Protein chains: 2
Amino acid sequence: MSEKDASQVVRTDGAKALARYLLEEINAGRMAVGLKLPAERQLSEQFHASRGAVRRVLGELKSRGVIRQVVGSGTFVAAVPDPQTRGVPTTDTGAISPAELMQARMLIEPLMPSLIVQFGTSLDFARMDECIARSEASLSVGEFEHWDGALHEALAVATHNGFFRQILTFATQVREQGEWGRLKQRSLTPERRAQYEQQHRALVDALKDRDEATAKQVIEQHLQQIQKNLFNR
Amino acid sequence: MSEKDASQVVRTDGAKALARYLLEEINAGRMAVGLKLPAERQLSEQFHASRGAVRRVLGELKSRGVIRQVVGSGTFVAAVPDPQTRGVPTTDTGAISPAELMQARMLIEPLMPSLIVQFGTSLDFARMDECIARSEASLSVGEFEHWDGALHEALAVATHNGFFRQILTFATQVREQGEWGRLKQRSLTPERRAQYEQQHRALVDALKDRDEATAKQVIEQHLQQIQKNLFNR
DNA sequence: CTAAATTTGTCCGTATGTATT
DNA sequence: AAATACATACGGACAAATTTA
């Protein structure tokens, strides 16, 4: 990421300068609590940033409790942002690491066969078959990923338990959002993909036979393989 | 700047047309599952909507699970939006019955000791102790329920696994939101409350001793008791 | 294997309208 | 009535990931 050209590198000049300035001034005590800041448009002009950028910076500070905004009145300094209270206890959902997710999956997903062999219908199994067929016929990695995800969702549906379904949906969201992508791509070689496909078939076959023990075993092997491919390589 | 076209004066010009079109085509089966949609910019041009509007529509469909987007690859049809699964995945409990929830809890919660005996800290155990003490000192049913919930959250935190924590939080939401309250309140007699308190103590003691097997056993007993009290008259 | 092209994801600047004081 | 914060929409540019040549 070196500078390619100094002519058009004006991407983040004003906004970050404003953020640094405000935090610095408030922390140093040069802006007293209760002081009214300039209006958004004025800040926008002073720092050569758009009003949207200014609003984003102010919104960030407001979410931290540093400033307080009153409609029609203005923006005011609320408190000094001490680093101790930075850890917010309210919604600390953020940042579920791939390691955490895999740890949880290896505990939870082996439970699914118990429910599927009890409540799974032929329709459920047909969906799994189609997902496997489509994934094996996939030509690109993206397509394979899609049908792999669809298979996992079909498994979740086959439990016929809404809570489990929600859990697996949440897992998919985490996997798609986080830094999972980098690991995923580098770990999916053709031979590993073939291995996954074989394990998928073995799993669905065992489920069709209502063979809970085997299905659970296959899932555990599958997840162990994924984990090894992800982290160990 | 603008072209004053009489055709596109409407505020909600192409975006809703796009949404209606996609839902109609997918529901009618004219767009097969797995089919790749045109790129965002292409849709933007076709429907005379900005790319932001297109992205909003696609984001809505994605949140419903109708489509799936892959960076660098494209947007794909994921499933037909059948009315059953129309619920949003994020924070929609989607009619999870108490029976379903208990079934899932009895499978999932016995897994927690495995993590807690590995990663639990003395601070975690101190929180549990406080929750137990407060719950035992509670004078009202509501107060007892509060500290009972706090204990469960302390257990979730003690796993030191963000995914588990989210799952347990979700379970609490389901429990508080549904008609769970009436069942539980009706089933909470003084003697059962004493039994719960005893089981709580036994559980925390076992966790402190890093005795995974005993802790798991106590949890299973506890949940079985709850289930029996809930449904079995 | 490398590099270019394509696609989604993200941020920025701008513009317009609404609600509140 | 005027000033202000709030909300939304649009287009452009860059980044990241994927596919393709």
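Just so we're on the same page: letters track the sequence lines, and every chain starts at 1. Because the structure is a prediction, the values reported are computed rather than measured.
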Between C/dA5 atom P and B/Gln42 atom CD, what is the distance in whole Å?
18 Å
Mind checking side-chain hydrogen bond (donor to acceptor under 3.5 Å, both in side chains) for B/Glu45 and listing every partner two or more places apart, or none if nothing turns up?
none
Between B/Leu58 (CG) and C/dT10 (P), how many Å, whole number?
14 Å
Tell me, which pairs form a side-chain hydrogen bond (donor to acceptor under 3.5 Å, both in side chains) where one or both residues lie in residues 112-121 of chain A, sequence neighbours left out?
A/Thr121-A/Asp124
Whole Å only: how far is the CZ atom of B/Arg56 from the P atom of C/dG9?
15 Å
salt_bridge(B/Glu60, B/Arg64) N-O dist < 4.0 Å
yes
Between A/Thr75 and D/dT4, is there a contact of a side-chain N or O with OP1 or OP2 at under 4.0 Å?
no
Mind calculating the distance between CG (A/Leu43) and C1' (D/dT4) to the nearest angstrom?
13 Å
Taking only nitrogen or oxygen atoms into account, show me every contact under 3.5 Å that the protein makes with nucleotides 19-21 of chain C, one pair per line with its distance.
none

Can you sort out the partners of A/Glu25 under side-chain hydrogen bond (donor to acceptor under 3.5 Å, both in side chains), two or more places apart, ordered by chain and number?
A/Arg30
Using a 4.0 Å heavy-atom cut-off, does A/Lys36 contact any base of the nucleic acid, only the sugar-phosphate backbone, or nothing at all?
nothing
DNA chain C: B/Pro38 or A/Ala53, which has the more 5' nearest nucleotide?
B/Pro38
For A/Arg41 and C/dG17, what is the distance between atoms CZ and P respectively, to the nearest whole Å?
13 Å
Tell me: NE2 of B/His48 to P of D/dG11, nearest whole Å?
11 Å
Of the candidates D/dA5, C/dC12, C/dT10, the side chain of B/Arg51 sits closest to C/dT10
Could you pick out which residue, A/Leu139 or A/Leu37, lies toward the 5' side of DNA chain D when each is mapped onto its nearest nucleotide?
A/Leu37
Specify the separation, in whole Å, of atom CZ of B/Arg68 and atom C1' of D/dT18.
17 Å
Counting any heavy atom closer than 4.0 Å, what does A/Arg55 reach on the DNA or RNA strands: base, sugar-phosphate only, or nothing?
base
Regarding B/Gly74, tell me which of base, sugar-phosphate or nothing describes its non-hydrogen contacts under 4.0 Å with the strands shown.
sugar-phosphate
Give me each pair satisfying ring pair (Phe, Tyr, Trp, His ring centres under 6.0 Å) with a member in residues 200-220 of chain A, each pair once, sequence neighbours excluded.
A/His200-A/His222
From C/dT8, D/dA5, C/dG9, nucleotide with atom closest to A/Ala39 side chain
D/dA5
If you compare every side-chain N and O of A/Ser50 against the phosphate oxygens of C/dC12 (OP1, OP2), does one of them come in below 4.0 Å?
no
Test side-chain hydrogen bond (donor to acceptor under 3.5 Å, both in side chains) applied to B/Glu143 - qualifying residues, sequence neighbours left out:
none
Examine C/dG9: is either OP1 or OP2 under 4.0 Å from a nitrogen or oxygen in the side chain of B/Gln69? Give yes or no.
yes
Whole angstrom value for the distance that separates P of D/dA17 from CD of A/Glu145
13 Å
After noting the C-alpha distance and the side-chain angles of A/Asn161 and B/Glu100, does the key distance pass the side-chain hydrogen bond (donor to acceptor under 3.5 Å, both in side chains) rule?
CA-CA 6 Å; A/Asn161 184 302; B/Glu100 274 179 307; 5.1 Å; no
Any strand, both distances under 3.5 Å, Watson-Crick or G-U wobble: D/dA1 pairs with none
Just checking A/Arg51: does its CZ atom have more than 12 heavy atoms from other residues, nucleotides or ligands closer to it than 6.0 angstrom?
yes
